[in-house]
Amino acid sequence: MSLFTLQHQDAHSQARAGILQTAHGQIETPIFMPVGTQGTVKSLNAFQLHQIGSQIILGNTYHLYLRPGIDTFLSSQGLHKFQNWNKPILTDSGGFQVFSLQKIRKITEEGVSFQSHIDGSKHFFSPRSVMNIQRHIGADIMMAFDECTPYPCDYAYAKQSLKKTHRWLDECIQDNVANQPLYGYEQLFFPIVQGSVFADLRKESCLYVAEKNQVGYAIGGLSVGEDEQTMYEMTNLCCEHLPTNKPRYLMGVGTPKNILNCIELGIDMFDCVMPTRNGRNGMLFTTQGIINITNQKWKNDFSPIDEGLTNAPLSLHYSKSYLRHLFMSNELLALQIASMQNLAFYLHLVKQARIQIVNNNFSSWKTNILDIITQRL
RNA sequence: GAGGUCGUAGCUCAGUUGGUAGAGCAUCGGAUUGUGGUUCCGAAUGUCGUGGGUUCGAUCCCCAUCGUCCUCC
């Protein structure tokens with residue numbers, strides 16, 4: 001029996017609704033996953049994450065390995081107990097971090113040596129060591145150790161990089177088969193498709209990972225600087241070549257518009273730092289449109305931050321004027337209210353998308369809602 | 001009363017051996033896509049205390065004046 005159940009296929013697009021079973025509960029797709037890099041979704045506690053309807057959150061192998069380190073997770077019996085989160089956790093493998101810290105890394109065929117951004121200490125990641133770390137963290141979904149191909153890059157580099165990512169994938173799977181989970185529950189494993197913006201490489205990668213017969217698959221290396229249309233083309237291509245009965249996770253994407261458009265192409269899972277990072281800088285995603293809350297025009301606007309969100313109580317009870325004041329004063333509460341607003345909005349959006357898919361009305365709903373939520377207020 | 005000091009952007013201060021001025025902060029606007037925890041980029045703003053004088057030209061030199069702070073009587 002598969003852990004992923006495709007419940008409904010939209011009649012007019014590739015959008016789907018499904019359910020993914022994990023050791024810490026099920027996830028209704030399409031879903032957005034809040035990013036909690038260092039064992040915390042910045043500025044929010046577990047109660048607030050439950051309140052806004054988070055079904056699963058992310059952790060990051062690179063960051064958690066460097067601090068607090070795997071011994072802490074062994075002692076605490078995993079990240080769930082450590083951070084008081086009893087729902088699913090997905091860990092990014094750290095491939096993205098290792099490759100984004102370009103000045104202090106060295107890639108070999110075996111893995112990547114790099115220096116800690118915290119204290120400069122030297123470390124080495126290989127497919128097997130990254131799997132070992134993710135076992136210690138105890139993630140419900142572990143990600144393959146890949147190279148997030150930089151953009152732009154030429155065909156030759158992309159091809160060579162893809163080859164390495166595929167070889168590393170095989171090592172990850174061998175390691176996963178050879179080792180048991182540490183905390184008595186099953187950990188799923190998602191391979192990652194690469195191939196930059198080259199159609200034949202993307203297709204080759206999809207076919208390669210699909211053969212591994214895992215529970216789900218991720219698409220990486222997109223939204224790294226290529227234009228939006230190219231990102232959609234590559235996403236569409238991958239959806240055409242990945243199995244229809246497995247969840248598809250588009251890594252690191254994106255804006256509300258990106259997410260709705262990619263749901264329409266057949267993507268089931270998303271994560272992105274945008275709602276939290278941009279929120280901390282005063283950009284709010286609301287059911288009425290996009291707000292820069294630090295703009296002077298909100299100074300005397302005492303209306304609620306967003307009356308259209310039932311899952312964000314802070315946004316009902318605090319005014320735009322007050323939130324602007326908190327930002328202008330560099331008060332910590334500003335970060336919490338803004339992060340909660342944006343994550344609640346993202347989760348509300350994908351929840352509505354799911355309802356519209358089940359009703360076979362996704363595309364027309366998407367067109368209408370995008371007009372509203374992408375306008376700048 | 002005497003001597004000295006300092007008056008430059010909203011704030012704190014640079015600066016020009018005379019060619020009508022800059023920085024930080026604040027303000028205003030933009031960016032942010034598998035998070036290196038307050039980031040990055042851009043913009044606006046001054047009759048350089050006031051009034052005279054010298055000079056082709058003064059924020060700068062000279063005189064007066066107002067205000068500031070200090071010292072002395």
Side-chain angles (χ1 to χ4, degrees), chain A residues 32-44 57-64 66-67 90-105 114-120 130 134 139 141-151 165 190-194 217-228 231-232 235 249-259 261-262 267 269-285 290-299 324 326-336 338-339 342-343 346 376:
Chain A
F32 178 80
M33 306 182 282
V35 178
T37 305
Q38 311 204 60
T40 168
V41 176
K42 294 185 194 302
S43 83
L44 299 186
I57 61 174
L58 259 66
N60 186 278
T61 301
Y62 170 87
H63 290 282
L64 293 172
L66 288 179
R67 191 169 50 192
L90 178 151
T91 42
D92 181 23
S93 65
F96 184 83
Q97 281 64 40
V98 166
F99 290 102
S100 65
L101 304 172
Q102 296 195 356
K103 290 170 194 147
I104 49 176
R105 65 166 162 82
F114 61 95
Q115 278 185 273
S116 164
H117 69 278
I118 299 168
D119 61 8
V130 164
Q134 294 187 95
I141 302 174
M142 302 182 288
M143 299 305 299
F145 187 55
D146 65 333
E147 175 178 11
C148 183
T149 315
Y151 182 86
T165 287
F190 281 24
I192 302 174
V193 172
Q194 290 288 344
Y217 302 100
I219 301 164
L222 288 179
S223 219
V224 290
E226 80 283 9
D227 64 69
E228 200 174 340
M231 191 262 280
Y232 292 141
T235 300
Y249 163 28
L250 182 57
M251 305 183 78
V253 174
T255 64
K257 180 185 172 193
N258 290 159
I259 287 173
N261 283 332
C262 291
I267 298 293
M269 302 165 70
F270 301 88
D271 81 281
C272 190
V273 302
M274 186 172 278
T276 40
R277 178 190 285 165
N278 288 25
R280 290 197 302 277
N281 288 307
M283 180 177 178
L284 303 182
F285 298 97
I290 294 169
I291 289 175
N292 183 344
I293 198 64
T294 61
N295 285 5
Q296 193 171 41
K297 60 178 147 186
W298 308 113
K299 181 167 183 167
R324 178 177 192 271
L326 294 178
F327 267 104
M328 300 309 278
S329 311
N330 282 318
E331 283 291 343
L332 297 178
L333 184 58
L335 309 184
Q336 184 173 100
S339 296
N342 285 351
L343 284 178
Y346 267 63
R376 296 194 172 257

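Order of the sequence lines sets the chain letters (A, B, ...), proteins ahead of strands, with each chain counted from 1. Hydrogens, waters and symmetry mates play no part in the numbers below; they use all other heavy atoms, side chains included.
The distance from atom CD of A/Q296 to atom C1' of B/A44 is 13 Å, rounded to the nearest whole Å. Atom-to-atom, CG of A/N281 to P of B/C41 comes out at 14 Å; the value is rounded to the nearest Å. The distance between atom NE2 of A/H63 and atom P of B/G34, rounded to the nearest whole Å, is 11 Å. Between A/N278 atom CG and B/U32 atom C1' the separation is 5 Å, expressed in whole Å. Look at CG on A/D271: it is 7 Å from P on B/G34, rounded to the nearest Å. Summarising the geometry, the separation between CE on A/M328 and C1' on B/G10 is reported as 14 Å, rounded to the nearest angstrom. At whole-Å resolution of the value, NZ in A/K42 and P in B/U39 are 14 Å apart. One atom, CG of A/L44, and another, C1' of B/U35, lie 14 Å apart when rounded to the nearest Å.
In this model, a side-chain donor or acceptor of A/R280 finds a partner on the base of B/U35 within 3.5 Å.
Using a 4.5 Å heavy-atom cutoff, the side chains of A/N261 and A/T235 are not in contact.
OP1 or OP2 of B/U33 has at least one side-chain nitrogen or oxygen of A/R277 nearer than 4.0 Å. Remark: A/Q97 is in phosphate contact with B/G36, judged by side-chain N or O atoms under 4.0 Å from OP1 or OP2.
Base contact: A/Q194 has a heavy atom under 4.0 Å from a base atom. Among the atoms of the strands shown, only primed sugar atoms or phosphate atoms (P, OP1, OP2) are found under 4.0 Å from some heavy atom of A/N60. When heavy atoms are screened at a 4.0 angstrom cut-off, A/M231 is found touching no nucleic acid atom at all. If you check every strand for non-hydrogen atoms under 4.0 Å, A/I219 touches nothing. A/S43 comes within 4.0 angstrom of no nucleic acid atom, judged by non-hydrogen atoms across all strands. Note on A/L90: nothing from the nucleic acid sits closer than 4.0 angstrom, heavy atoms only.
Distance check on atom C1': B/G18 versus B/C62 gives 13 Å, rounded to whole Å. Between the C1' atoms of B/G15 and B/A23, the separation comes to 10 Å (whole Å). A gap of 25 Å separates the C1' atoms of B/U39 and B/U45, to the nearest Å. B/A14 and B/G7: their C1' atoms are spaced 15 Å apart (whole Å). B/G42 and B/U32: their C1' atoms are spaced 15 Å apart (whole Å). Rounded to a whole angstrom, the distance from the P atom of B/U68 to that of B/U16 is 29 Å. Taking atom P on both B/G37 and B/U33, the two are 14 Å apart, rounded to the nearest angstrom. Separation of the P atoms belonging to B/U27 and B/G19 is 35 Å when rounded to the nearest angstrom.
Between A/N60 and A/Y62, the shortest heavy-atom distance links the atoms OD1-N, 2.9 Å. Shortest non-hydrogen contact noted between A/D271 and A/G252 is OD1-N, 2.9 Å. Of all the heavy atoms in A/G279 and A/A338, the pair that sits closest is O-CB, 3.3 Å. A/L335 and A/S43 get closest at one heavy-atom pair: O-OG, 3.3 Å. A pairwise comparison of heavy atoms in A/T294 and A/N292 identifies OG1-OD1, 2.7 Å as the closest pair.
A distance of 9.5 Å separates CZ in A/F145 from OG1 in A/T61, rounded to the nearest 0.5 Å. A/L66 contributes atom CG, which lies 11.5 Å from atom CD of A/Q115 (distance to the nearest 0.5 angstrom).
Partners of A/F32 under the ring-ring contact (aromatic ring centres under 6.0 Å, His included) rule, at least two apart in sequence or in another chain, are A/Y346. For the salt bridge (charged side-chain N to carboxylate O under 4.0 Å, His left out) test, residues two or more places apart in sequence or in another chain that qualify with A/K257 are A/E228.
You'll find that the side chain of A/M274 is closest to B/U33, out of B/U35, B/U33, B/C28. Taking the side chain of A/S223 as heavy atoms from C-beta on, and the options B/G34, B/U33, B/G37, the nearest nucleotide is B/U33. Distance from the side chain of A/C148 is smallest to B/G34 among B/U38, B/G37, B/G34. Closest to the side chain of A/L332, from the set B/U33, B/U38, B/G34, is B/U38. Checking B/U33, B/G34, B/A31 against the side-chain heavy atoms of A/R376 singles out B/A31 as nearest.
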According to the Watson-Crick and G-U wobble definition with distances under 3.5 Å, which dot-bracket string, read 5' to 3', encodes RNA chain B, using [ ] for crossing pairs and | for pairs with another strand?
-> ((((.((..((((.....[..)))).(((((.......))))).....(((((..]....))))))).)))).
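The residue among A/G95 and A/N330 whose nearest nucleotide of RNA chain B lies closer to the 5′ end is A/G95. Nearer the 5' end of RNA chain B, as judged by each residue's closest nucleotide, is the contact made by A/N292, out of A/I192 and A/N292.
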